[in-house]
2 protein chains.
Amino acid sequence: MTQKLTQRITINDVASAAGVSRQTVSRALNDKGEIDRETKQRVLDAARDLGYRPSRFARGLVRPDTTSIGLVIPDLLNPFFTEVAAAALEAARARGWHVVVYDTADSLEEERGTLQVIGTQVDAVVGYFSLSEAELDEHTRGMPVVLIGRQSPRFSSIRIEGAAGVRSAVDHLVSAGHRRIGMLDYANRADPSDRHAWFCAAMATHGLATDAVTTAAQSVAGGAEALVELLDRHPDVTAVFTFNDIIAIGALRTVRRLGRELAVIGFDGLQLGTVVDPELTSVALDTRRIGALAVEQAARLLAGAEPLAGDDLVVQAVLLLRESA
Amino acid sequence: MTQKLTQRITINDVASAAGVSRQTVSRALNDKGEIDRETKQRVLDAARDLGYRPSRFARGLVRPDTTSIGLVIPDLLNPFFTEVAAAALEAARARGWHVVVYDTADSLEEERGTLQVIGTQVDAVVGYFSLSEAELDEHTRGMPVVLIGRQSPRFSSIRIEGAAGVRSAVDHLVSAGHRRIGMLDYANRADPSDRHAWFCAAMATHGLATDAVTTAAQSVAGGAEALVELLDRHPDVTAVFTFNDIIAIGALRTVRRLGRELAVIGFDGLQLGTVVDPELTSVALDTRRIGALAVEQAARLLAGAEPLAGDDLVVQAVLLLRESA
DNA sequence: TTGAAAGCGTTACCAT
DNA sequence: ATGGTAACGCTTTCAA
């Protein structure tokens with residue numbers, strides 16, 4: 001005898017249906033003692049018949065606070081973000097938190113939409129945003145916000161520091177005898193990336209030229225094409241560093257198809273890199289640490305405790321040697 | 001002048017700090033008109049100073065219902081589940097729903113824990129469960145539940161139907177001349193899998209033997225090892241069908257390393273299959289449809305509308321030809 | 001064992 | 001422009 005929920009069914013409806021008071025219903029539903037077995041059963045039946053579901057809001061208002069955070073990710077299908085998300089989920093679970101996940105599909109519009117509705121749902125927000133600080137501030141209204149991979153004077157942020165890791169990568173290539181090392185950068189940005197800057201700095205320490213740089217689309221195909229182009233322009237290149245692992249995997253494919261000998265080092269250190277053959281050497285980010293750190297910082301902000309600062313918020317990339325270089 | 005939140009700061013605290021009434025605070029914070037600019041500013045300042053954040057519960061109690069669902073996934077890092085999760089997120093977003101994601105880490109214990117806390121947080125639950133129906137029922141207490149890939153008389157469920165797809169795969173291999181076709185099944189289950197049954201049925205239609213079956217661990221390495229073993233025992237095998245794409249990718253690696261010629265067909269049709277070389281041919285599941293269907297069914301259950309039933313809840317696997325077979 | 005009343009924090013309606 | 005009062009749905013005291 002389920003019925004349509006045109007109007008919300010409340011505890012009062014159940015109470016009158018069962019011929020008891022609200023409190024008795026509450027007791028029956030929450031397995032409190034001090035209630036007649038028979039009464040309890042009658043209430044339970046009534047509740048089931050009516051399709052009654054307690055309002056989580058009303059309940060939350062009265063019971064000890066559960067905390068939940070919003071996790072904002074540009075694209076859950078991108079393995080890097082998947083790893084960060086999984087890590088954040090794990091860290092949140094350890095605290096007994098709930099995580100509401102939003103995939104903004106790399107779109108500013110979706111980001112805005114998310115921000116507008118998120119405020120009423122969560123106690124803090126963690127993740128990736130491309131919106132301006134002003135816009136973020138306007139919608140989050142003092143709610144704790146932890147940005148990942150983006151500096152901000154206004155909000156807490158997890159900083160990604162890759163200079164040392166990229167230097168190790170270049171050192172590694174150089175000591176293997178490589179001198180002409182190219183790079184596949186990410187195309188979709190106006191400026192060259194941080195990673196490009198780190199690459200140039202590392203090359204400079206060896207007095208090596210950094211003219212062999214091409215941009216690639218953010219996909220396996222993009223990496224594959226970009227490497228063809230790069231080798232076309234700079235046939236003497238014997239090794240490449242790439243913006244990320246996806247692009248590197250594409251590059252690896254080109255290497256294989258061309259039957260060429262070429263060292264490849266990616267960036268991110270995804271588990272995905274172990275799926276390809278040869279397994280991908282990469283400048284690795286500890287995605288679990290990123291997720292855990294973001295959640296930890298949110299916890300401190302929420303508790304009004306001393307927030308992490310400075311180096312505690314930095315995630316250092318390190319060279320992860322596998323097979324491709 | 002932020003202060004520790006030993007006690008929750010309410011709208012009343014802000015009101016008295018700003019020397020106005022609750023309602024005025026509410027107006028100021030929610031950008032309602034009809035308020036003096038100066039008063040508004042004073043309220044906003046007070047709120048910021050106190051670190052005031054509205055209770056989402058109190059707000060939810062009063063404002064038009066937002067609906068949110070729980071999405072329960074055994075392992076977000078498994079690309080198959082990632083795809084389903086992304087699809088569910090997208091479908092939920094289209095409805096303006098919030099999705100609370102739980103990764104149960106393939107553990108019954110975590111599943112139980114999730115179930116216990118989920119009831120107070122969401123309006124419906126969608127996802128993968130290994131718990132008994134009785135246990136599920138006990139904790140969900142009449143909340144709509146949509147199971148994926150698991151039949152249940154008690155709950156709605158999305159059924160995965162792969163017989164036809166696997167038959168296509170076997171047909172494809174046979175018409176390419178293969179007669180000795182092996183299978184790498186998943187090891188962690190007591191019984192052979194559905195997929196194994198589908199494989200045997202398909203082979204039977206060609207009068208082919210199904211003795212060349214080994215089990216593999218659910219990983220790339222597992223697939224690689226299992227294929228070595230299989231070829232060891234059945235050197236005449238010229239093609240293999242695998243429990244899923246991960247295992248297939250491992251098999252592909254062995255094929256490459258052994259320098260053998262062997263057709264491989266996986267199951268799932270993951271995007272991941274385009275990353276390897278050769279790209280993986282697979283019996284593909286439409287993960288977007290799975291996610292969308294689960295959410296759609298949850299919507300109907302929530303609205304008290306006629307739920308989907310029968311074939312509408314079935315997702316058919318289809319052969320996705322790429323390069324590995 | 002059961003019920004009446006109070007209160008959780010917020011917004012809406014109606015005065016002022 | 002601002003404040004008082006009621007209401008949202010539930011749980012928790014406290015009496016009966």
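Predicted model, so just to flag it, every value in this text is computed and none were measured. Basis for what follows: all heavy atoms, side chains included, without hydrogens, waters or symmetry-related copies. Chain letters run A, B, ... following the sequence lines, proteins first, then strands; residues in each count from 1.
- When the P atom of dT11(D) is taken as reference, atom CG of Leu29(A) falls 8 Å away, rounded to whole Å.
- A close approach under 4.0 Å does not occur between any side-chain nitrogen or oxygen of Arg59(B) and OP1 or OP2 of dG9(C).
- Distance from the side chain of Ser21(B) is smallest for dG4(D) among the nucleotides dG4(D), dT11(D), dT2(C).
- Rounded to an integer number of Å, the gap from Arg22(B) CZ to dT10(C) C1' is 8 Å.
- Taking the nucleotide of DNA chain D with the nearest heavy atom to each of Val20(B) and Leu61(B), the more 5' of the two is matched to Val20(B).
- In this structure, a donor-acceptor pair under 3.5 Å is absent between the side chains of Arg150(A) and Ser130(A).
- Judged by distance alone, with hydrogens and angles left aside, Arg27(A) brings a side-chain donor or acceptor within reach of the base of dG3(C), the pair sitting under 3.5 Å.
- Contact check, Thr24(A) against dG3(C): a side-chain N or O comes under 4.0 Å of OP1 or OP2.
- Straight-line distance from the CD1 atom of Ile35(A) to the P atom of dT12(D): 14 Å, rounded to whole Å.
- The side chain of Asn30(A) contributes an N or O atom lying less than 4.0 Å from OP1 or OP2 of dT11(D).
- Rounded to an integer number of Å, the gap from CG of Asn12(A) to P of dA4(C) is 12 Å.
- Nearest to the side-chain atoms of Ala58(B) among the listed nucleotides dA6(C), dT2(D), dT10(C) stands dT10(C).
- Nearest nucleotide to the Pro54(A) side chain, out of dC10(D), dT10(C), dT1(C): dC10(D).
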Is there a side chain to side chain donor-acceptor pair (under 3.5 Å) between Trp97(B) and Ser68(B)? Walk through the geometry before answering. CA-CA 5 Å; Trp97(B) 288 3; Ser68(B) 64; over 6 Å; no

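- Projected onto DNA chain D by closest heavy-atom contact, Val62(B) and Arg42(B) fall at different nucleotides, the more 5' of which corresponds to Arg42(B).
- Of all the heavy atoms in Ala292(A) and Ala91(A), the pair that sits closest is CA-CB, 3.9 Å.
- The Asp36(A) side chain lies nearest to dT2(C) when the options are dG9(C), dG3(D), dT2(C).
- In this structure, Arg56(B) places its CZ atom 14 Å from C1' of dC8(C), rounding to the nearest Å.
- Between Thr10(A) and dG9(D), a side-chain N or O to OP1/OP2 separation shorter than 4.0 Å is absent.
- Rounded to whole angstrom, the span from the CG atom of Asp13(A) across to the C1' atom of dC8(D) amounts to 13 Å.
- The residue Lys32(B) sits close only to the backbone: its heavy atoms come under 4.0 Å of sugar-phosphate atoms, none of a base.
- The interatomic distance linking Gln121(B) (CD) with dC10(D) (P) rounds to 16 Å, in whole Å.
- The CG atom of Leu77(B) sits 11.5 Å away from atom CD1 of Ile73(B), with the distance rounded to the nearest 0.5 Å.
- No option in Leu313(A), Leu147(A), Leu308(A) other than Leu313(A) meets the side-chain contact (heavy atoms from CB on, under 4.5 Å) test with Ile158(A).
- As a whole-Å value, the separation of Ile11(B) CD1 from dT2(D) P is 15 Å.
- In terms of polar N and O atoms assigned as donor or acceptor, the side chain of Gln23(A) never comes within less than 3.5 Å of the base of dT1(C) in a complementary pairing.
- Looking at every heavy atom in both residues, His98(A) comes nearest to Tyr102(B) through ND1-OH, 2.5 Å.
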